[in-house]
**Student:** 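Pasting in a structure now, in structure tokens, and then I'll have a few things to ask.
Note on naming: letters A, B, ... go to the chains in the order of the sequence lines (proteins, then strands), and numbering restarts at 1 for each one. Side chains are part of it too, since the values below use all heavy atoms of this structure and drop only hydrogens, waters and symmetry mates.
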Amino acid sequence: MSFEFEIVARDGSARAGILHTPHGDIPTPVFAPVGTSGTVKAVPPRDLRALDIHLILANTYHLYLRPGDELVRDMGGLHRFMNWDGPILTDSGGFQVFSLSEINEIDDHGVTFRSHLDGSVMRLDPAISMAIQQNLGADIIMAFDQCPPPDEREEVSAAVERSHRWLARCREAHPNDDEQALFGIVQGGVFPDLREKSARFVSDMDLKGIAIGGLAVGETKAEMAATLDHTLPCLPDGVPRYLMGVGEPDDLVEGIRRGVDMFDCVIPTRLARHGAAFTHDGRINLRNARFKRDEAPLDAHLNNYTSQFSRAYLRHLVVAKELLAYYLLSLHNIDFLARHVENMRRAIIEGKLQKYAAQFLTRFMRPPEAHP
RNA sequence: GUGGAUGUAGCUCAAUGGCAGAGCACCUGAUUGUGGUUCAGGCGGUUGAGGGUUCGAGCCCCUUCAUCCACC
């Protein structure tokens with residue numbers, strides 16, 4: 001059992017690689033759909049395999065609250081529990097503590113909070129997060145960090161220091177990377193000096209992977225790109241870089257062309273729940289009345305299971321709040337992002353990433369009124 | 001046929017005789033380390049019809065139409 005990362009091709013700053021994990025190899029760049037409660041909502045493993053998904057993210061915070069990490073452990077671990085035999089990544093639970101729960105107290109040791117489910121008082125700190133993630137048994141686990149608003153310097157600076165101390169404690173609590181690889185997380189908001197400082201600190205920890213956190217949380221796309229420009233050159237070359245919580249199709253382009261290897265995002269399934277779909281001509285909102293009698297499939301340039309249904313029918317399912325709407329749109333949106341990343345991997349190997357990126361962005365970012 | 005009640009936005013309903021409103025629906029937009037939510041904005045009216053009183057009527061008076069209920 002090992003976590004080796006091989007880089008198989010480069011195109012400028014972008015890389016294509018293979019990450020070996022106990023549950024299989026992950027071709028990178030890779031996009032990981034996110035699942036609450038240990039499963040990708042509305043899309044079963046059978047479909048994810050059919051879509052050639054190589055990695056999924058499961059949420060530590062959600063599983064900790066329900067059904068509980070010890071139950072998952074007793075049921076044979078997350079892979080067996082959700083019947084997914086491919087690689088799994090768990091987040092630390094920290095982000096949701098800050099975004100979903102009512103914080104009671106944050107101190108240098110950890111966070112006391114109230115569950116958003118039943119209001120009960122809970123505690124999370126580096127050691128607890130490591131223990132939970134060990135019980136869950138994912139292939140890749142994340143350090144417990146603090147993700148503040150990205151543009152308040154004092155708060156960001158304090159969060160960087162705190163996240164660094166917490167990373168050291170995670171390292172102590174999780175010395176064995178053979179079965180589970182621990183990834184550290186770079187913070188620093190939109191401030192270049194803080195990012196550089198954090199990147200160097202995390203790089204010195206000799207981790208199996210390094211994540212860039214604290215982005216896609218309210219800053220502009222230009223700020224995110226600039227932050228990546230400041231951060232990625234400070235990271236070691238031979239270690240996978242993971243941009244957390246990203247993202248939208250254009251963000252994946254910007255990340256990959258700068259050398260990001262891994263992404264996760266809720267957006268394909270969240271958009272599905274909101275009745276929206278990715279297409280090569282941009283995002284569409286199926287609630288729009290203009291699709292009422294549209295017989296075309298969602299995206300003429302992406303053939304998948306959902307293609308056999310008309311936009312008019314899918315719109316009807318969305319408006320009627322039918323469960324099938326969430327399923328079909330999730331399937332389509334996950335497929336869109338997976339194929340998009342796969343195309344970029346192939347383009348890197350062929351030395352044509354910039355050409356692909358330019359063509360993709362030109363179409364995808366066209367103003368809506370120009371769409372067919 | 002008699003008595004009573006009710007007629008206001010697509011729907012359900014507000015509005016001392018003083019700028020005709022809300023919720024839902026409909027039409028847009030937002031949502032980036034998951035709760036289908038939520039948020040922001042927009043369209044929407046000859047107050048059933050006709051007449052009268054009044055400075056001013058959705059509201060008061062008369063006529064009429066429609067719907068519902070009760071009783072012949």
Side-chain angles (χ1 to χ4, degrees), chain A residues 31-43 55-63 65-66 88-101 115-117 129 133 138 140-148 150 163 183-187 209-221 223-225 227-228 242-255 260 262-276 278 282-292 315 317-327 329-330 333-334 337 367-369:
Chain A
F31 173 81
V34 178
T36 300
S37 297
T39 183
V40 175
K41 196 179 285 184
V43 181
L55 174 67
I56 64 176
L57 184 148
N59 298 103
T60 292
Y61 171 85
H62 295 271
L63 292 167
L65 300 189
R66 184 175 59 192
I88 299 175
L89 159 70
T90 45
D91 58 16
S92 70
F95 186 84
Q96 279 79 25
V97 166
F98 294 106
S99 67
L100 293 180
S101 73
S115 159
H116 75 282
L117 290 178
S129 177
Q133 293 187 77
I140 297 170
I141 66 177
M142 300 303 299
F144 188 71
D145 67 334
Q146 184 187 356
C147 176
S163 294
F183 281 25
I185 304 174
V186 175
Q187 288 289 342
I210 297 179
I212 298 161
L215 287 177
V217 289
E219 81 287 356
T220 65
K221 283 178 183 285
E223 287 173 321
M224 181 162 83
T227 301
L228 291 177
Y242 165 28
L243 180 54
M244 304 188 76
V246 173
E248 294 171 1
D250 51 315
D251 295 327
L252 298 179
V253 172
E254 299 304 337
V260 174
M262 301 169 55
F263 304 85
D264 78 277
C265 196
V266 304
I267 208 156
T269 41
R270 177 174 292 170
L271 284 186
R273 273 179 269 125
H274 297 163
F278 290 124
R283 207 175 100 179
I284 60 174
N285 183 352
L286 281 171
R287 301 197 80 97
N288 288 4
R290 58 191 236 241
F291 300 120
K292 251 177 197 169
R315 177 182 194 274
L317 295 177
V318 167
V319 170
K321 301 187 194 311
E322 294 288 353
L323 294 178
L324 188 55
Y326 307 123
Y327 173 68
L329 291 182
S330 292
N333 286 335
I334 290 172
L337 294 182
E369 56 269 24

**Student:** What about A:Asp145, does its side chain sit under 3.5 Å from the base of B:G33 through a donor-acceptor pair?
**Tutor:** yes

**Student:** Test of understanding: with ring pair (Phe, Tyr, Trp, His ring centres under 6.0 Å), list the residues that count as partners of A:Phe278, not counting sequence neighbours.
**Tutor:** A:Phe336

**Student:** Under the side-chain hydrogen bond (donor to acceptor under 3.5 Å, both in side chains) test, which residues partner A:Glu248, sequence neighbours left out?
**Tutor:** A:Lys221

**Student:** For A:Thr90, enumerate each residue passing the side-chain hydrogen bond (donor to acceptor under 3.5 Å, both in side chains) test, keeping only those at least two apart in sequence or located in another chain.
**Tutor:** A:Gln133

**Student:** Mind checking what makes side-chain hydrogen bond (donor to acceptor under 3.5 Å, both in side chains) contact with A:Glu322, not counting sequence neighbours?
**Tutor:** none

**Student:** For nucleotides 25-32 of chain B, read 5' to 3', which letter fits each nucleotide if B means a protein heavy atom sits under 4.0 Å from the base, S means only the sugar-phosphate is that close, and - means neither?
**Tutor:** -SSSSSBB

**Student:** Would you please name every residue forming a side-chain contact (heavy atoms from CB on, under 4.5 Å) with A:Val266, sequence neighbours left out?
**Tutor:** A:Val34, A:Arg270

**Student:** I'd like to know if the side chain of A:Asp91 pairs up with that of A:Tyr61 as donor and acceptor (distance under 3.5 Å, no hydrogens or angles considered).
**Tutor:** no

**Student:** Pairs counted only when both distances fall under 3.5 Å, Watson-Crick or G-U: show me the 5' to 3' dot-bracket for RNA chain B, [ ] for pseudoknotted crossings and | for other-strand partners.
**Tutor:** (((((((..((((....[..)))).(((((.......))))).....(((((..]....)))))))))))).

**Student:** With sequence neighbours excluded, what pairs up with A:Phe291 under the side-chain contact (heavy atoms from CB on, under 4.5 Å) test?
**Tutor:** A:Ile284, A:Leu286, A:Asn288, A:Asp294, A:Arg311, A:Arg315

**Student:** If each of A:Gly94 and A:Tyr326 is mapped to the nucleotide of RNA chain B with the nearest heavy atom, which maps nearer the 5' terminus, i.e. the 5' end?
**Tutor:** A:Gly94

**Student:** What distance, rounded to whole Å, do you find between the two C1' atoms, one in B:U64 and one in B:G21?
**Tutor:** 29 Å

**Student:** Would you mind classifying the nucleic acid contact of A:Leu65 as base, sugar-phosphate or nothing, using non-hydrogen atoms under 4.0 angstrom?
**Tutor:** nothing

**Student:** What pairs with A:Tyr327 under side-chain hydrogen bond (donor to acceptor under 3.5 Å, both in side chains), at least two apart in sequence or on another chain?
**Tutor:** A:Asp47

**Student:** Does the side chain of A:His62 get closer than 4.0 angstrom to OP1 or OP2 of B:G35 through an N or O atom?
**Tutor:** yes

